[in-house]
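Just so it is clear: chains get the letters A, B, ... in the order the sequence lines come, proteins before strands, and each one is counted from 1.
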Protein chains: 2
Amino acid sequence: MRKKEGNKEVDILSAAIKVFAESGFFDAKIAKIAELANVSIGSIYVYYKNKDDILYKIFEQIWGGLYNNLDSLVSRKDLTMVEKYDAMIDMIFDTFTENSATAIVVAHEQQRIVMRTPEKFTPYYEKFVGLGEKIVKEGIKKGTFNQNINVNIFRHFLLGAFRDLINSWAVSPKEFPLNTMRQNIKFLSKYGLLNHK
Amino acid sequence: MRKKEGNKEVDILSAAIKVFAESGFFDAKIAKIAELANVSIGSIYVYYKNKDDILYKIFEQIWGGLYNNLDSLVSRKDLTMVEKYDAMIDMIFDTFTENSATAIVVAHEQQRIVMRTPEKFTPYYEKFVGLGEKIVKEGIKKGTFNQNINVNIFRHFLLGAFRDLINSWAVSPKEFPLNTMRQNIKFLSKYGLLNHK
DNA sequence: ATTTATTTTGAATATTCATTCATTTATTAA
DNA sequence: TTAATAAATGAATGAATATTCAAAATAAAT
């Protein structure tokens, strides 16, 4: 019996990330993904149920990875709350800047996919967000973070800011150097715009 | 000769905002917009060139309005920098919370439409952003705002946060009460997460 | 070499909808 | 009343493309 050679499943996913980033999900052509992945159109449907499924798997990969990383971070006892918070920022930052096409896909498609399939959207995202909130709540309890801040609002504030910034970087990296961005995200989210002498 | 009765152009735009918010631009059906607007399918093409054009006009309306409002604010001499900044936040906030469907459409479609038609995207948006940056730069010059902050990054930070939050409110208003959101956006963007005793 | 099991293929299919335009309807002016 | 003009209509068109599936190709087992 015949054996698979290479890993078409992975090749297709990588190609899809590029094509989705380039054209957006709706304008992305299955034929183009097949071409980039060096695979026939038919093969795509061997490995993925349909176009939506490909997008879904991309999100699962991203948020699954982030969830696992954050899970290790949360339980660490050797870090101050600020150090934990900064480490969380770095983690998100690194995940998305590792592959700019992924950053673009998440920035552009996540809202829509959450709307379209609220039941089916990867549970890793919710779990990841839950862990993030845990860190912030712990910091508030310990008095490091401001107790008047609404945790739920803060999470959308931070992730929304992140999404826009990382997308901006992915689209024009020269205008948004990684280190400047990283510093500014950490600083702004912790200290804000005002000059505190 | 026959005169127009009512204002189909406006009716179509309002209906389109609702349908785009409900289904997203790509899943939105022209037939559904026509139905909601109490207008024939053909009439839509009398008033708008095509589906893209409808979306474009929505953005033009929103950012055109915001640009004009912000233009009046920028030149006022009777306000401190913080007051100006807060007024700007209120302005954006009010525009989008006035009509939740509009908020959803902007949150979901803006990134994509900017990508698809960078030349054609409404110049009001760029002009609006330019004015916002002017306020921040002025505040930095006067020493009210922190001079280490990168203005370009700050703008994406703030607008990204805004977009996510207003969309969250539009989708589930009970979870995100307007006043709490408004206060938190102002507070977080000015003071950040940390507890400054 | 032949069989068997599995993978791969891509032309053909089927569906979906945005857009068109010939026709109808309504309004005003003569 | 009638003519002239503009507005409104919606069935028909055509283009686009996601998905299917019967056939072909390949690798291992016999």
Side-chain angles (χ1 to χ4, degrees), chain A residues 1-60 105 108-109 112-113 115-117 120-121, chain B residues 1-60 105 108-109 112-113 115-117 120-121:
Chain A
M1 53 192 140
R2 189 177 182 183
K3 278 276 163 63
K4 299 179 189 181
E5 39 180 331
N7 192 335
K8 293 199 170 26
E9 192 173 349
V10 169
D11 292 346
I12 292 168
L13 210 71
S14 308
I17 290 171
K18 282 183 200 140
V19 177
F20 290 164
E22 174 76 20
S23 319
F25 179 76
F26 288 93
D27 287 338
K29 310 283 180 279
I30 292 288
K32 179 77 185 171
I33 296 173
E35 186 195 332
L36 246 179
N38 277 313
V39 143
S40 72
I41 289 175
S43 282
I44 290 189
Y45 290 89
V46 171
Y47 292 96
Y48 298 92
K49 201 149 52 84
N50 52 37
K51 200 179 168 188
D52 280 332
D53 187 41
I54 303 176
L55 187 58
Y56 176 76
K57 293 277 167 44
I58 293 171
F59 280 100
E60 195 162 61
V105 175
H108 286 193
E109 315 299 345
R112 185 187 322 281
I113 204 182
M115 274 189 83
R116 287 181 105 201
T117 54
K120 282 198 319 181
F121 189 64
Chain B
M1 52 194 140
R2 190 176 179 184
K3 279 276 165 59
K4 300 177 190 180
E5 39 179 331
N7 193 337
K8 293 199 169 32
E9 192 172 351
V10 169
D11 293 347
I12 292 167
L13 211 71
S14 308
I17 290 171
K18 282 183 201 139
V19 177
F20 290 163
E22 174 77 21
S23 320
F25 178 77
F26 287 94
D27 287 338
K29 310 283 180 279
I30 292 288
K32 178 77 184 173
I33 295 173
E35 187 194 332
L36 246 178
N38 276 312
V39 144
S40 73
I41 290 176
S43 282
I44 290 189
Y45 290 88
V46 172
Y47 292 95
Y48 297 92
K49 201 148 54 84
N50 52 36
K51 199 179 169 189
D52 280 332
D53 187 40
I54 303 175
L55 187 58
Y56 176 77
K57 294 277 169 42
I58 293 172
F59 280 99
E60 195 163 59
V105 174
H108 287 193
E109 314 300 344
R112 185 188 321 282
I113 203 183
M115 275 190 83
R116 288 180 105 202
T117 54
K120 283 197 320 179
F121 189 64

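For the atom pair B:Asp52 CG and B:Tyr56 OH, the distance stands at 12.0 Å (nearest 0.5 Å). Taken to the nearest 0.5 Å, the CZ atom of A:Phe25 stands 7.5 Å off from the CD1 atom of A:Ile54.
Closest to the A:Ser40 side chain, of the nucleotides C:dG10, D:dT9, D:dT19, is C:dG10. Nearest to the side-chain atoms of B:Lys29 among the listed nucleotides D:dT9, C:dA18, C:dT8 stands C:dA18. Of the candidate nucleotides C:dT9, D:dA8, C:dG10, C:dG10 has the atom lying nearest to any side-chain atom of A:Ile41.
With hydrogens and angles ignored, the 3.5 Å screen pairs a side-chain donor or acceptor of A:Tyr48 with a backbone N or O of A:Glu9. Panel note: side chain B:Ser14, backbone B:Val10; a donor-acceptor pair is recorded below 3.5 Å. B:Lys51 contributes a side-chain N or O that, together with a main-chain N or O of B:Ala28, makes up a donor-acceptor pair within less than 3.5 Å.
Between B:Lys32 atom NZ and C:dA18 atom P the separation is 13 Å, expressed in whole Å. Put simply, CG on B:Asp11 is 15 Å from C1' on D:dA7, counting in whole angstrom units. With rounding to whole Å, A:Glu35 atom CD is found 16 Å from C:dT9 atom C1'. A:Phe20 has its CZ atom 9 Å from the P atom of D:dA18, to the nearest Å. Look at CD1 on B:Ile33: it is 13 Å from C1' on C:dT19, rounded to the nearest Å. Following rounding to the nearest Å, A:Ile30 (CD1) and D:dA16 (P) show an atom-to-atom distance of 17 Å. Rounded to whole angstrom, the span from the CG atom of B:Asn50 across to the P atom of C:dC17 amounts to 17 Å. Between A:Lys49 atom NZ and D:dT20 atom P there is a gap of 10 Å when expressed in whole angstrom units.
Residue B:Tyr45 has no polar side-chain atom (N or O) positioned under 4.0 Å from OP1 or OP2 of C:dT20. Checking the phosphate oxygens (OP1, OP2) of C:dT8, a side-chain nitrogen or oxygen of A:Lys8 falls inside 4.0 Å.
The nucleotide D:dT30 finds its pairing partner in C:dA1, both defining distances of the Watson-Crick or G-U wobble pair being shorter than 3.5 Å.
Heavy atoms of A:Tyr47 sit under 4.0 angstrom from primed sugar atoms or phosphate atoms, though from no base atom.
Nearest-nucleotide positions on DNA chain D place A:Ala31 closer to the 5' end than the other of A:Gly42 and A:Ala31.
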